Amino acid sequence: MTKFKDLGLKEEVLRGITDQGFEEAFEIQEAVIPVLLSGRDVVGQAHTGSGKTAAFALSMLNDITPKQGIQGLIMAPTRELAMQISTEIKKMGKHTGIRIATVYGGQGMGVQLDALHRGVEIIVATPGRLIDHLKRGSIELGDVTHIVLDEADTMLDMGFVDDIQFILDLSPEDRVMSLFSATMPTAILRLGEDYLHNPKQFLLDADDLSGEGIDQSFLVIKDRDKFKYLLDFIKPLKGQSIVFCSTKYRTRDVAKYLHQEKYNAVAIEGDMSQSRREQSMAKFRNGKADILVATDVASRGIDVPRVELVVNYDVPNQEMAYFHRIGRTARAGTEGRAITFVSYSSVGDWNIIKRQIKVPLRDLNQEMNIEISIPDPLKRQSSPRRYGGGGSRSNYSRGGSRGGGYGRGGGYGRGGGYGRNSRDDRGSKRRDSGGDGKNSYGGRSRW
Ligand code: ADP
Ligand code: MG
């Protein structure tokens, strides 16, 4: 491992790092910092929690001069992430005199304009609001020398490609640019080719679908039993936990139930006002709240070191979301657990995700001796499609559980597996997360 002081960083930058208690550079930092300092573009990929923020921020802080206009631009997909990046950089750049403004939708223009008027050297922005500023002339990119696209995969997923193009067209050709992503689908590599000049690639962990270091488990239960089990899992916890739900309505409900049970929970979902989202996040981050209930808006990039458990209250609607969600735990080398609640109707979706999990996955139905009793498809008239089909054999029968599966004899097994033909599932439900990247979240409005 390399010490930060051997990476060629200036004294005042190093002091900011030491203040943070960092000594040794993480792998991605050790790889990327010298290359960015040399002025070459970078494509970087490493696990969530591997320290990508400092990897791009330190060289930026090193090369930027105070009071010489906006020289650094960092784009991030969500407000939460933009704020988190700003906070980190402010800490690291404490001794540099470099000023940072965060620019994102949902906050009044006034605050941002004030900050910009006072003068800043680095802008951390979500693309939409940045474009608003560019159009009204409150931000100009003519002096920018350093550009970063953080969480590039999410930006693609959220349909920001055109916005990014628009922004880059307004910035100088001669710039150092880097692109970071926890995953590296071909669409991202292509993006890198389009925007970066001969980038040096660091694909440190090409298989980010590992969820390594996270104790992952799942439990197949009826939807209406989920809350009861949630309480069982969070009761013994000492640290913090995050509960991910599929929709904002579910998020609100789960948070409400937790309050009724006297848990200190906060929620984040897309309909909440920006200030309430910030309040929730702040409470969770500073430890005043023990549980964060959230939709996928909070799944990417958010770093709260003490998260001990991630509960997927609902199966995410695509596999990347699963890995981003569970990546909220086991940050920076700590240990963490992730439990996924699988309602009977989500078994097909879960099977698709499960295939991508490359580490041992614990089956809690087996461990806790909880039976699955999916209604007999032959007797179910209302939606025969869901359980019927007699297609693929269910994955759940593997591992030799008694009676060839969970159901007691006559359970789901009779129909030849409740998992529905998995190929059908894939075709109809799952979007291609590695393809053109368009809207792979499906109904984003439900966030
Ligand atoms: P990523 O963007 O790769 O998901 P982050 O940049 O959010 O990861 O970093 C994850 C955590 O690791 C943060 O809490 C950060 O403060 C911490 N961290 C980063 N670099 C170091 C380091 N060199 N030593 C110790 N902790 C670090
Ligand atoms: Mg990050």
Side-chain angles (χ1 to χ4, degrees), residues 1-7 9 13-34 36 42-61 74-94 102 124-126 148-155 157 178-184 188 202-206 208 210-214 239-240 242 281 284-287 297-308 310 320 323-336:
M1 276 243 188
T2 309
K3 301 241 189 259
F4 278 107
K5 64 176 169 47
D6 301 325
L7 291 177
L9 293 162
V13 176
L14 286 173
R15 267 168 55 212
I17 306 171
T18 317
D19 284 0
Q20 295 258 77
F22 301 176
E23 258 185 44
E24 316 231 301
F26 285 167
E27 194 181 0
I28 187 82
Q29 297 162 352
E30 183 181 346
V32 161
I33 291 170
L36 286 176
V42 160
V43 170
Q45 183 258 343
H47 273 299
T48 47
S50 57
K52 293 190 285 295
T53 317
F56 60 72
L58 292 175
S59 57
M60 196 180 261
L61 287 168
I74 298 163
M75 283 183 266
T78 64
R79 309 157 184 180
E80 278 76 16
L81 200 53
M83 286 187 282
Q84 178 179 298
I85 294 169
S86 280
T87 311
E88 282 257 306
I89 303 188
K90 278 178 193 157
K91 284 193 260 171
M92 291 187 272
K94 201 167 80 185
T102 325
V124 185
T126 54
V148 176
L149 296 184
D150 194 19
E151 305 271 336
D153 50 358
T154 315
M155 299 239 244
D157 278 352
S178 55
L179 176 159
F180 289 86
S181 195
T183 61
M184 210 41 81
I188 300 284
F202 295 99
L203 309 183
L204 293 194
D205 182 3
D208 190 57
S210 65
E212 237 176 90
I214 304 171
Q240 291 181 295
I242 303 182
M281 204 56 224
F284 189 62
R285 241 187 243 286
N286 63 26
V297 284
S299 72
R300 302 268 180 133
I302 294 301
D303 178 52
V304 179
R306 285 156 301 178
V307 175
E308 192 179 321
V310 168
M320 286 328 298
F323 292 99
H324 282 289
R325 287 177 177 192
I326 68 168
R328 296 316 100 215
T329 184
R331 307 285 291 169
T334 61
E335 291 190 351

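Note that ligands are numbered from 1 as they come in the structure, with each ligand's atoms numbered from 1 the same way. Just so you know, these numbers come straight off a predicted model, no measurement behind them.
Atoms of ligand 1 found under 4.0 Å from any heavy atom of Lys52 (numbered from 1 in listed order, with element): 1 (P), 2 (O), 3 (O), 4 (O), 6 (O), 8 (O). Residue contact check: Thr53 has heavy atoms under 4.0 Å from atoms 2 (O), 5 (P), 6 (O), 7 (O) of ligand 1.
Under the salt bridge (Lys or Arg N to Asp or Glu O under 4.0 Å) criterion, Lys3 pairs with Glu23, Glu24, not counting sequence neighbours. Checked against side chain to side chain donor-acceptor pair (under 3.5 Å), Ser181 has the following partners two or more places apart in sequence or in another chain: Asp153.
A heavy-atom distance below 4.5 Å is not found between the side chains of Val148 and Ile85. No side-chain heavy atom of Val32 sits under 4.5 Å from any side-chain heavy atom of Ser178. A 4.5 Å side-chain heavy-atom check between Phe4 and Ile33 finds at least one atom pair inside the cut-off. Two residues are said to be in side-chain contact when any heavy atoms from C-beta on lie closer than 4.5 Å; Ile74 and Phe180 fail this criterion.
Heavy-atom distances between Phe4 and ligand 1 reach below 4.0 Å in at least one pair. In this structure, Ser50 counts as a contact residue of ligand 1, since one of its heavy atoms falls inside 4.0 Å of the ligand.
Residue contacts with ligand 1 for Glu24 involve N, CA, C or O but no side-chain atom from C-beta outward (heavy atoms, distance under 4.0 Å). By the criterion of a heavy-atom distance under 4.0 Å, the side chain of Glu88, and not its backbone, is placed next to ligand 1.
Not one N or O of Ala54 is nearer than 3.5 Å to an N or O of ligand 1, by distance alone.
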